[in-house]
Amino acid sequence: MTEPFLVVEDLTVKFPTEDGLVNAVTELSYSVEQGRTLGIVGESGSGKSVSSMAVLGLHDARTARITGSIKVGGQEVVGLGESKLRKLRGREVAMIFQDALAALHPFYKVGSQLAEAYLVHHPSASKRDARRKAIEMLDRVGIPQPDRRVDDFPHQFSGGMRQRAMIAMGLINDPKLLIADEPTTALDVTVQAQILDLLQDLQREFDSAVIIITHDLGVIAEMADDILVMYGGRGVEHGPAKEVLTRPLMPYTWGLLSSVPDVAGDTAAKLVPIPGNPPSLLDPPSGCAFHPRCAHVGKVQGNLCSTTLPRLEPGPSGPGHLTRCHLSDPAAVFETEVLPVIAPDLLEES
Amino acid sequence: MFAYIVKRLLAGLVVLTLVSLSIFLLFWYGPSEPARAMCDSKTSNRCSPEKLEVFTEELGYNNPWASEFGNYVGGIVTGRDITVAGQTTRCEAPCLGLSYSTGKPVWEDMQSRIPATVSIAVGGASLYLLLGVPIGVAASKRRGTVADKTLVSSFLVISSIPYYLFALLVFLYFAVLYELPFVGQPGYTPLTENPAEWFGGLALAWICLGVFGCTAYTRYSRGAMVEALSEDYVRTAKAKGLPQRAVVYKHALRAALVPVVTIFGIDFGTLLAGTIFTEKIFDINGIGLWALNAVGQKDLPIVQATALFAAIALIVSNLVVDLLYSVLDPRVRLS
């Protein structure tokens with residue numbers, strides 16, 4: 001098998017601030033192959049956006065300290081010069097952002113923003129070619145009358161159309177990796193479903209690798225082949241989507257799954273929130289970062305949870321499913337104590 | 001668009017009427033004798049109570065104010081004949097009356113002073129932008145560095161000096177003690193007469209206005225740029241692979257210019273309305289200096305004319321700003 005298109009190894013991102021060093025991402029490793037979708041889940045501040053922005057080298061070198069390795073198509077991105085990074089951005093790796101209204105420039109026409117993205121990587125193309133390409137892409141993402149809407153400003157588009165335009169801009173150079181950072185968070189549910197369908201169709205068509213970053217497990221269940229769960233800047237569980245959603249091994253993942261509302265089932269059933277707050281990135285908890293909020297600390301011998309950081313290693317269900325937990329038999333705890341409250345419709349879908 | 005402009009101009013006319021009416025009434029019902037200025041100048045400062053009464057009658061201060069205001073407004077449109085001390089003067093449209101101190105039609109004097117003030121305003125305001133915006137952009141790119149902090153604090157010091165003191169110091173150092181190249185003796189020579197002297201005479205006034213005023217523009221544009229650079233669409237521009245130059249200028253600066261242009265329009269209008277200190281210190285006979293002297297001499301027609309000019313300058317510059325705003329920001333609809 002060939003090397004996956006994106007290989008992240010021991011990625012660590014720190015931001016020095018007046019209050020101290022923020023450990024945004026610590027020793028994160030994952031990889032994505034062509035044609036596959038990786039879902040990265042976690043709370044706000046878990047490091048999911050920071051790590052993916054590092055893939056494009058979007059962090060300001062003056063404010064971020066990045067170590068480890070990010071290989072895009074075999075090329076090392078960490079420490080790469082600005083001019084080489086520019087060739088990567090938008091061409092090899094494209095990114096779609098959360099709020100398309102804010103992410104599109106309000107003063108430029110949608111079409112000219114798309115054309116700009118095309119022209120910067122096709123310097124020999126004419127403006128007319130770029131415009132034709134922009135119309136073609138708008139058409140491809142399902143915008144009606146693209147030859148007319150190409151001259152609209154972003155504020156003349158609806159929310160769903162703006163996100164479609166954003167996707168069109170991301171795919172205009174046929175990138176090998178598409179990173180979608182909360183692509184549907186700002187949209188209502190029906191539009192959300194359309195956008196996800198569109199992304200899936202396009203992935204099949206372009207055969208690109210996709211990273212979808214979200215806190216919405218419903219989105220993950222629908223889209224992802226693999227799931228990486230992040231907590232406090234570290235990967236805490238990583239494996240095939242079906243495995244992670246149906247046989248999660250890490251108590252934090254259990255918590256995430258239990259806090260998804262069960263729309264189809266018993267509406268009187270209470271959601272189970274994860275107690276406490278996300279960990280401080282300035283002064284992370286000792287041992288396992290999740291231990292102050294974990295209900296299962298008592299099942300681990302001694303005070304291992306608060307003193308020793310567990311390694312991210314294969315769990316009982318096989319080598320492809322990694323977990324970062326001291327529990328000796330998490331599957332058994334999960335089967336007997338946790339399962340009943342996990343949203344059933346989510347599990348059926350996967 | 002056209003209807004909008006017409007609407008705004010009509011509203012402007014209402015403002016102009018109110019401005020001139022209020023100044024008119026101030027003289028009419030104010031505590032001074034409005035005809036005394038004319039009386040003093042015509043009698044070489046030997047104005048007796050009887051003579052004052054004659055001038056008061058001649059200038060119409062014994063008639064109802066409404067009909068006199070009507071005459072004044074009519075004169076602006078059609079011109080009129082004005083008789084003072086038995087001597088009738090033809091005052092051509094736009095007739096703004098005869099100066100009480102010189103007896104000459106106000107418009108004649110005004111025509112020679114407008115170019116001086118416009119010259120100062122255009123030059124000074126250009127420097128606001130030419131100095132302020134690039135420095136502000138440069139500072140925003142180096143936000144938080146020593147260079148940025150030094151610049152911001154030194155500009156704060158400059159802008160906290162009173163302007164008249166700043167202008168006097170500039171005059172002292174660069175007109176009296178040291179000579180700058182291309183800078184001649186301060187004063188106004190019409191551009192059409194001698195461009196080199198026009199430039200040399202105004203240069204110091206421009207530098208003075210520009211350096212003092214650009215400090216505010218540096219602050220505005222630095223702030224607007226810092227904000228724009230942190231916008232999502234700037235991150236999008238970077239993620240597209242655009243070169244830094246395009247990210248900063250095409251994407252961030254374009255957005256940052258909108259608030260700067262708004263303030264600029266109003267400042268430019270204010271400059272046109274008269275730069276009293278600058279004209280006084282650099283010996284330029286413009287609208288501001290004229291207004292200052294006229295107030296001292298209680299010369300109603302000149303005060304009235306300068307007030308109208310100031311109001312027109314502000315109305316027009318505000319209108320231009322609003323039109324420009326709709327060009328710069330496609331989300332703005334004029335209605």
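All figures in this text were calculated on a predicted structure; none of them were measured in a lab. Computed from heavy atoms alone, side chains included, the values below leave out hydrogens, waters and symmetry copies. Throughout, a chain's letter reflects where its sequence line sits, starting with A, and its residues are numbered from 1.
A:P106 approaches B:P330 most closely through the heavy-atom pair O-CG, 3.4 Å.
Taking a 6.0 Å sphere around CZ of B:R143, one finds it holds 12 or fewer heavy atoms contributed by other residues, nucleotides or ligands. Heavy atoms from other residues, nucleotides or ligands lying under 6.0 Å from OH of B:Y325 number 12 at most.
Under the 3.5 Å distance criterion, the side-chain polar atoms of B:T236 are matched with a main-chain donor or acceptor of A:A103.
Within the 4.5 angstrom heavy-atom criterion, atoms from both the backbone and the side chain of A:H105 approach chain B. Interface residue A:A117: backbone and side-chain heavy atoms are both found under 4.5 Å from chain B. Interface remark: A:L104 contributes backbone atoms only to the contact with chain B (heavy atom separation under 4.5 Å). Within the 4.5 angstrom heavy-atom criterion, only side-chain atoms of B:V258, from C-beta onward, approach chain A.
Note that the CZ atom of B:R235 and the CG atom of A:L56 stand 10.5 Å from one another [nearest 0.5 Å]. How far CZ of A:R62 is from OG1 of B:T145: 8.0 Å, rounded to the nearest 0.5 Å. Taking CG of A:D99 as the start and OH of B:Y233 as the end, the distance is 12.5 Å to the nearest 0.5 Å.
Annotation: cation-pi geometry not satisfied between B:R331 and A:F107 (NZ/CZ under 6.0 angstrom from ring centroid, within 45° of ring axis).
The most heavy-atom pairs under 4.5 Å with chain B, out of A:Q113, A:E82, A:K109, A:R91, come from A:Q113. Between chain B and the options A:S83, A:G90, A:A102, the largest number of non-hydrogen pairs under 4.5 Å is found for A:A102. The candidate with the highest count of non-hydrogen atom pairs below 4.5 Å against chain B, out of A:Q156, A:H121, A:M95, A:M166, is A:H121. When each of A:E116, A:K87, A:Q98 is checked for heavy-atom pairs under 4.5 Å with chain B, A:E116 comes out on top.
Taking non-hydrogen atoms and a 4.5 Å limit, the residue list of residues 237-252 of chain B in contact with chain A, ordered by number, reads B:K238, B:A239, B:K240, B:G241, B:L242, B:P243, B:Q244, B:K250, B:H251.
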